[in-house]
Amino acid sequence: MRLWLLSLICATAGAAVVWRTGAVLPGVSAFLITLAVLGPCLWAYERRKR
């Protein structure tokens with residue numbers, strides 16, 4: 001479930017940037033930046049939870 005939430009957050013960030021700028025490349029960048037920031041947080045949370 002947490003992985004689905006992470007993907008939803010990343011996709012929402014990317015879509016919002018595409019909507020605001022009208023360009024795909026900044027949206028992809030926003031998606032990847034969000035993934036790079038929140039991905040390790042989710043990974044650390046999952047490791048700590050075990």
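- Heavy-atom minimum distance, Gly14 versus Ala30: CA-CB, 4.3 Å.
- The same ILVMFWY cluster, assembled from side-chain heavy atoms under 4.5 Å apart, contains both Leu32 and Leu5.
- Here the CD1-CZ distance, from Ile9 to Phe31, works out to 11.5 Å after rounding to the nearest 0.5 Å.
- In the hydrophobic cluster analysis, where Ile, Leu, Val, Met, Phe, Trp and Tyr join through side-chain heavy atoms closer than 4.5 angstrom, Val18 is grouped apart from Leu25.
- Contact record, Leu35 with Leu6: CD1-CD2, 4.1 Å, taken as the closest heavy-atom pair.
- In this structure, Arg48 has no salt bridge (charged side-chain N to carboxylate O under 4.0 Å, His left out) partners at least two apart in sequence or on a different chain.
- By the criterion of side-chain heavy atoms lying less than 4.5 angstrom apart, applied directly or through intervening Ile, Leu, Val, Met, Phe, Trp or Tyr residues, Val37 is not grouped with Val17; the two fall into different hydrophobic clusters.
- Smallest separation of non-hydrogen atoms from Ala13 and Thr34: CB-OG1, 3.6 Å.
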